[in-house]
Amino acid sequence: MIFFQSFRREWLTNIPTELLSGTLVALALIPEAIGFSIVAGVDPKVGLYASFSIACVTAILGGRPAMISAATASTAVLMTTLVRDHGLQYLFAATVLMGLIQIVAGALRLGLLMKFVSRSVMTGFVNALAILIFLAQLPQLMHVGWETYTMVGAGLAIIYLFPYLTKRVPSALVAIIVLTAFTIYSGIKLRTVGDMGELPSSLPLFAMPQVPFSLETLKIILPYSLAMAAVGLLESLLTASIVDDMTDTGSNKNRECVGQGVANFVTGFLGAMGGCAMIGQSVINVTAGARTRLSTFFAGAFLLFLIVVLGDWVRQIPMAALVAVMIMVSISTFNWSSVTKLRSHPLSSSVVMLATVVIVVATGDLSMGVLTGVVLSGVFFAAKVARLLGIVTELSEDGREITYFVTGQVFFASSNSLVDAFDYQNVPERVRLDVSDAHFWDITAIGALDDIVLKLRRHGARVEVIGLNEASATMVERFGTHHKPNARQKPAH
């Protein structure tokens, strides 16, 4: 009964909307997949087959319903050198290995690493992708006539005005249909999907990659597979979090890792390239009302139907219509409130967000931008916590005993401040360190405590440490030296 309820909720809810959303996504995937194939230096069918396979498999096994996964630019750019130097079959083998690595990552529950990505990094990631989506449309708007600009404008008008008539049909789908029909019957000359590359006319075949099964082959493909697996999981998990926010629902990040892995593993045997989640198409899907796995599966299946059966019609879709859709996606994806809140948010949060945007847009490398944001977030957080450390002293009436009251968090970023807070020149007979309101987090903090105690002892004081909580006491017992016989002065940490 529970299984049936779950199946119904994830597959059989609001079916007409899911199918319409999937149809729209399938149309939007075609030029993207062809473009990414060109980036990777492979035939367009390699990207189109990948988009079909990855979408269908992740729809069944992934951890985020309604999210769209397919061939992507972020993984395509990593394949260029491999294809150029070793050939297409090595790409298929690398895709299979990429999938295995992602499955292992899911089994190791690496999806939990998303907890360390701050809101500022997420906002920067979203804004950077919105900018990249917009910039990717510019080649379609260069060296073209006024007809293209008019059609793009008409497409945007339909997208934003049609919902005032009805929201039952995705306005972006209406724009594609209307502009395609107008182009065909008016005879106007515009760049079309067919101009992007040749569409395949047959179904993909399951076959083993034609590479030597040897250690040498593994040495060639492993670096590429690791890079593609890492970038693919990073973009997929971040996109899943974005869709979580858009739909006010949760997702299983570890299951998503496994789903992405199985999808890429299968895709490698279908003669296609690896991929991951796509934020642009996911936004299209969710904005059109999709919430279940059916939309994702139908997008992949209908994509294959479009290119194999309806290829002659698909070739006539004007790129101006799809450009209008993607411009809408970039506008709706960008977090506009993040710009207005730059002055009201903490400076560190704004710096993290802007740094993430700049690095991603400048390099086109999503992983580098997110890594930069995560590192900066960690640095700012450590600096903030380190400033919360406090030391207060209390000298006895006879001047023979001094008590240091330590409060706050002692770790690598605050340990030097703790050491420097003590007076090692005018040391009384007895020194008491009251750490009841402090916590020692790492071996650097324990090393600082050792330094303090041993320095004070060297100046003739009897030192007593009181108030260690259980966790700190355990750390001191395991890694400290000041409480052990014949303890000697340690170099400062």
[X] atom [atom1], over 12 foreign heavy atoms within 6.0 Å:
X    : atom1 : answer
Y160 : OH    : yes
R255 : CZ    : yes
F134 : CZ    : no

Less than 4.5 Å apart, side chain to side chain, heavy atoms only: is that true for [X] and [Y]?
X    : Y    : value
T407 : L389 : no
M151 : F182 : yes
N254 : L110 : no
Y224 : L78  : no
V83  : M273 : no
T356 : S120 : no
I34  : L199 : yes
E235 : C276 : yes

If I take atom [atom1] from residue [X] and atom [atom2] from residue [Y], how far apart are they, to the nearest 0.5 angstrom?
X    : Y    : atom1 : atom2 : value
L418 : Q409 : CG    : CD    : 12.0 Å
M79  : M228 : CE    : CE    : 5.0 Å
S74  : I279 : OG    : CD1   : 11.5 Å
M246 : N285 : CE    : CG    : 9.5 Å
Q140 : D195 : CD    : CG    : 9.0 Å
Q102 : L97  : CD    : CG    : 10.0 Å

Practice item. For F36, check ring-ring contact (aromatic ring centres under 6.0 Å, His included) against everything at least two apart and list the hits. Key: none

Exercise for review: Can you tell me which residue pairs pass the ring-ring contact (aromatic ring centres under 6.0 Å, His included) test with a partner in residues 334-355, sequence neighbours excluded?
Suggested key: F334-W336

Distance-only, no hydrogens or angles: does the [X] side chain make a donor-acceptor pair with backbone N or O of [Y] under 3.5 Å?
X    : Y    : value
N127 : N335 : yes
T192 : Q316 : no
T17  : G289 : no
T183 : P318 : no
E32  : A28  : no
T363 : I359 : yes
S171 : I159 : yes
S225 : A94  : yes

Revision key, fill the gap. Here the salt bridge (charged side-chain N to carboxylate O under 4.0 Å, His left out) pairs for residues 281-304, sequence neighbours left out, are E10-R293

For [X] versus [Y], what's the shortest heavy-atom pair and its separation?
X    : Y    : value
C257 : L233 : CA-CD2, 3.8 Å
S377 : V121 : OG-CG2, 3.6 Å
A71  : A50  : CB-CB, 4.2 Å
V25  : Q281 : CG2-O, 3.9 Å
V258 : G106 : CG2-CA, 3.8 Å
A154 : L179 : CB-CD2, 4.2 Å

Check your understanding: Would Y49 and L270 satisfy side-chain contact (heavy atoms from CB on, under 4.5 Å), going step by step from the backbone distance to the final call?
Key -> CA-CA 8 Å; Y49 287 159; L270 293 178; 5.6 Å; no

Is the closest side-chain donor-acceptor distance between [X] and [Y] under 3.5 Å?
X    : Y    : answer
S69  : Q260 : yes
T292 : N14  : no
T249 : R64  : yes
N469 : S472 : yes
D420 : S417 : no
K253 : S251 : yes

Exercise for review: Evaluate the side-chain contact (heavy atoms from CB on, under 4.5 Å) criterion for residues L108 and V104: first the C-alpha distance (whole Å), next the side-chain angles of each, then the deciding distance (0.1 Å), finally the verdict.
Suggested key: CA-CA 6 Å; L108 295 176; V104 172; 3.9 Å; yes

Practice item. Determine, step by step, whether S282 and M67 satisfy the side-chain contact (heavy atoms from CB on, under 4.5 Å) criterion, reporting the C-alpha distance in whole Å, the side-chain angles of both residues, the deciding distance to 0.1 Å, and the verdict. Key: CA-CA 5 Å; S282 297; M67 186 171 75; 3.4 Å; yes

Review point. Going through the distances and angles, do V46 and F92 end up as a side-chain contact (heavy atoms from CB on, under 4.5 Å)?
Key: CA-CA 10 Å; V46 175; F92 301 154; 4.3 Å; yes

Check your understanding: Can T72 and T75 be said to form a side chain to side chain donor-acceptor pair (under 3.5 Å), step by step?
Key -> CA-CA 6 Å; T72 59; T75 54; 2.9 Å; yes

Exercise for review: Give the ring-plane orientation class for F7 versus W11, where under 30° counts as parallel, over 60° as perpendicular and anything between as tilted.
Suggested key: parallel

